[in-house]
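These values consider heavy atoms only, across backbone and side chains, with no hydrogens, waters or symmetry-generated copies.
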Amino acid sequence: MNSEQSGNQPCQYNILTSSNDALTPQMAISFTTIAKNLAHAHIDLYLLHSQVTPRSIKMLTDLCNGLGNITFHEIIVPNPESYDFLVEAGRWYRETYYPLCAHQLLPETMERILYLDAGDTLVVGDIAPYYNCNFDNNYLIVTPQKYKPDGNRFVLYNPDDLMPEKGYLPAILEGIFNSGSYVINLKKMRESAIDISYYNNLTKQLRQMLKKPLKETPIYFGDQGLLSAAFIGRLKYFGYPQFQYVWYNPYNFCIGYYQYIEKKPDYQPSILHFAGVPFKPWKAEYPIFPKRFQRSSNDLRSLSELKPQQVEYYFLWLEYLFLTDKILSLLGY
């Protein structure tokens, strides 16, 4: 049976995220959703960081121990300044780019891992078909965001499409997939000797192709634009060619979907991503909110700014916030 269609559940998942200290409370909520909705499995959960405080690390470790089926692994990224060239080119924090070299930091025996954006992703269902999907010798399994039109069908971009004369480069550098969730082929990354210099050299080439100074405007959009260019033609679009639809994203369901479409998708999302929305769920003004997660009232936004279909996902996030708060309270926090 094709792994994309199989409902068989593995007994263990490797999951990766990367963050600074500011998103620790939000990560705790995400970790709770992972534990509760993958209760059948054991999860090895890895955090790449260079500035999360020991106090926050202890809280996340204790939370994962309390959840029961997550083993938390802290990985302090060496030489974080080596990512600054990418930060300058993509205008995002260092932590955005740490997963690009995760294969150099994770155990050498590990062959795959699911990356999730810190804080604004929730696991709410079965991830086995996505996690276990055959890489087909590609570097990443991704949720497509763009296809290339070819007559009456849609096809995948290829390395030739990076050539400026093709006219596709700006779109590619915006990202041909959404990086909120993707599966990394760690084995292939190691075999190809991918390292930070690969991404730095590619960035220099892109700057030359675009004919603009590095500091003038971003070269690419965060990590997804860089990864799109780095592995174009070597990305496994999950569900393709059966699905050739940019809104087919059960494992990276961006809540911004409802900015464009009113009806619910004809699939049940398993990974939610609070992207493409007016504000993140922790910035919403709810009727009740635990003090542990309270923000300044000056930062809060009204739920009325959201589409009606989006509000239910914000309240789902709030439910997991209360559950996380309860668990932390029982652990003495």
Atom [atom1] in [X], atom [atom2] in [Y]: separation rounded to 0.5 Å?
| X | Y | atom1 | atom2 | answer |
| --- | --- | --- | --- | --- |
| Leu328 | Met59 | CG | CE | 6.0 Å |
| Leu60 | His73 | CG | NE2 | 13.5 Å |
| Gln268 | Phe253 | CD | CZ | 9.5 Å |
| Leu331 | Leu67 | CG | CG | 8.0 Å |
| Phe31 | Ile29 | CZ | CD1 | 11.5 Å |
| Ser228 | Leu235 | OG | CG | 6.5 Å |

Quiz item: Who pairs with Tyr97 by ring-ring contact (aromatic ring centres under 6.0 Å, His included), at least two apart in sequence or on another chain?
Solution: none
Which atom names give the shortest non-hydrogen contact between [X] and [Y], and what distance separates them?
| X | Y | answer |
| --- | --- | --- |
| Pro281 | Tyr286 | O-OH, 2.7 Å |
| Leu16 | Pro99 | CD2-CB, 4.1 Å |
| Tyr198 | Ala230 | OH-O, 2.6 Å |
| Val52 | His49 | N-ND1, 3.1 Å |
| Ile271 | Ser181 | CD1-OG, 3.7 Å |
| Cys254 | Ala275 | CB-O, 3.9 Å |

Quiz item: Passes ring pair (Phe, Tyr, Trp, His ring centres under 6.0 Å), Tyr237 versus Phe177? Steps please.
Solution: CA-CA 8 Å; Tyr237 274 30; Phe177 72 95; 8.0 Å; no
Counting distance only, does the side-chain N/O of [X] pair as donor-acceptor with the main-chain N or O of [Y] below 3.5 Å?
| X | Y | answer |
| --- | --- | --- |
| Asn79 | Glu81 | no |
| Gln12 | His42 | no |
| Asn37 | Val123 | yes |
| Asp161 | Tyr157 | no |
| Asn69 | Ala35 | yes |
| Arg112 | Val183 | no |
| Lys188 | Asn138 | no |
| Ser192 | Ile194 | no |
| Gln259 | Gly256 | no |
| Gln310 | Ile255 | yes |

Self-check item: Pairwise side-chain hydrogen bond (donor to acceptor under 3.5 Å, both in side chains) hits with a residue in residues 164-173, at least two apart
Solution: none
Polar side chain donor-acceptor pair, [X] to [Y], under 3.5 angstrom:
| X | Y | result |
| --- | --- | --- |
| Tyr333 | Asp62 | yes |
| Tyr267 | Asn249 | yes |
| Asn178 | Thr143 | no |
| Asn132 | Tyr130 | no |
| Ser30 | Thr33 | no |

Looking only at the aromatic ring of each residue, does the gap between the centers of [Y] and [X] stay below 6.0 angstrom?
| X | Y | value |
| --- | --- | --- |
| Trp282 | Phe293 | no |
| Tyr314 | Phe279 | yes |
| Tyr147 | Tyr245 | no |
| Tyr13 | Tyr131 | yes |
| Tyr83 | Tyr98 | yes |

Exercise. Using the test salt bridge (Lys or Arg N to Asp or Glu O under 4.0 Å), find all partners of Arg94 that sit at least two apart in sequence or belong to another chain.
Key: Asp84
Self-check item: salt bridge (Lys or Arg N to Asp or Glu O under 4.0 Å) against Asp195, all qualifying residues, sequence neighbours excluded
Solution: none
Practice problem: Apply side chain to side chain donor-acceptor pair (under 3.5 Å) to Tyr115 and Asp117, showing your working. | Solution: CA-CA 7 Å; Tyr115 168 79; Asp117 263 358; 2.8 Å; yes
Quiz item: Just wondering, are more than 12 heavy atoms of other shown residues or ligands nearer than 6.0 Å to CH2 in Trp247?
Solution: yes
Exercise. Could you go through the side chain to side chain contact (heavy atoms under 4.5 Å, CB included) check for Leu45 and Asn14 one step at a time?
Key: CA-CA 6 Å; Leu45 184 53; Asn14 302 314; over 6 Å; no
Exercise. Show the numbers, then the answer: is there a side chain to side chain contact (heavy atoms under 4.5 Å, CB included) between Ile219 and Lys204?
Key: CA-CA 9 Å; Ile219 300 298; Lys204 293 174 185 176; over 6 Å; no
Exercise. Applying side chain to side chain donor-acceptor pair (under 3.5 Å), run through Ser179 and Asp223 and close with a yes or a no.
Key: CA-CA 7 Å; Ser179 61; Asp223 56 339; 2.9 Å; yes
Exercise. List the steps, then state whether side chain to side chain donor-acceptor pair (under 3.5 Å) holds for Gln51 with Asp21.
Key: CA-CA 6 Å; Gln51 53 179 326; Asp21 200 58; over 6 Å; no
Quiz item: Does Glu174 have any side-chain hydrogen bond (donor to acceptor under 3.5 Å, both in side chains) partners at least two apart in sequence or in another chain, and if so, which?
Solution: Lys146
Practice problem: Could you walk me through whether Phe322 and Ile288 pass the side chain to side chain contact (heavy atoms under 4.5 Å, CB included) test, one step at a time? | Solution: CA-CA 10 Å; Phe322 276 107; Ile288 306 175; 3.9 Å; yes
Quiz item: Hey, is Lys264 close enough to Glu312 for a salt bridge, meaning N to O under 4.0 Å?
Solution: yes
Quiz item: Under the 6.0 Å and 45° cation-pi test, does Lys280 pair with Phe274?
Solution: no
Practice problem: Mind checking side chain to side chain contact (heavy atoms under 4.5 Å, CB included) for Tyr93 and listing every partner two or more places apart, or none if nothing turns up? | Solution: Glu95, Thr96
Quiz prompt | Residues Leu206, Leu169; criterion side chain to side chain contact (heavy atoms under 4.5 Å, CB included); working and verdict | solution = CA-CA 9 Å; Leu206 292 170; Leu169 187 56; 4.2 Å; yes
